[in-house]
Amino acid sequence: MTAKAACTHLSAIEAVKPATEYVCEECVKTGDSWVHLRTCQTCGVTLCCDSSPNRHATRHAQISGHPVVASAEPGERWLYCYPDDAFAEF
Ligand SMILES: [Zn+2]
Ligand SMILES: [Zn+2]
Ligand SMILES: [Zn+2]
């Protein structure tokens with residue numbers, strides 16, 4: 001996959017962190033809802049996607065500088081790198 005070769009963040013990941021709980025850790029604090037979940041591959045936090053009202057995963061990536069998330073959705077096996085806008089399947 002060309003995108004994978006172009007992104008050092010994705011190629012550096014050897015073991016994908018799974019979601020510890022199937023919730024957005026920020027939305028549950030405020031009682032908000034979400035659409036899909038993503039798990040940060042740097043710190044392991046699970047947050048909501050860009051289709052969700054709060055977009056916590058994107059906000060986390062921007063604030064923390066953690067580049068890569070994995071889909072936390074059952075049956076989805078992909079990683080996404082924010083700074084490189086790159087996808088990779090695993
Ligand atoms: Zn990258
Ligand atoms: Zn959220
Ligand atoms: Zn993180």
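Ligands are counted one by one from 1 in listed order, and the atoms in each one are counted from 1 as well.
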Opening angle at the Zn ion (ligand 1) [ND1, H9; OD2, D84; to 10 degrees]: 100°
Atom pair CD/CG of E26 and N54 - distance to nearest 0.5 Å: 9.0 Å
Mutual orientation of the aromatic rings belonging to H60 and H66 [parallel < 30°, tilted 30-60°, perpendicular > 60°]: perpendicular
N, O or S atom within H66 nearest to the Zn ion (ligand 3), by name: ND1
For the Zn ion (ligand 2): the N/O/S atom of H56 at shortest distance: ND1
Hydrophobic cluster membership, I13 vs F90, 4.5 Å side-chain cutoff: yes
Residue of the set C27, S52, C24 for which side-chain contact (heavy atoms from CB on, under 4.5 Å) holds with D32: C27
Degrees at the Zn ion (ligand 2) between the SG atom of C24 and the SG atom of C27, nearest 10°: 110°
Angle subtended at the Zn ion (ligand 3) by C40 SG and C43 SG, rounded to 10 degrees: 110°
Point-to-point distance, once rounded to the nearest 0.5 Å, from NE2 of H56 to CG of D50: 12.0 Å
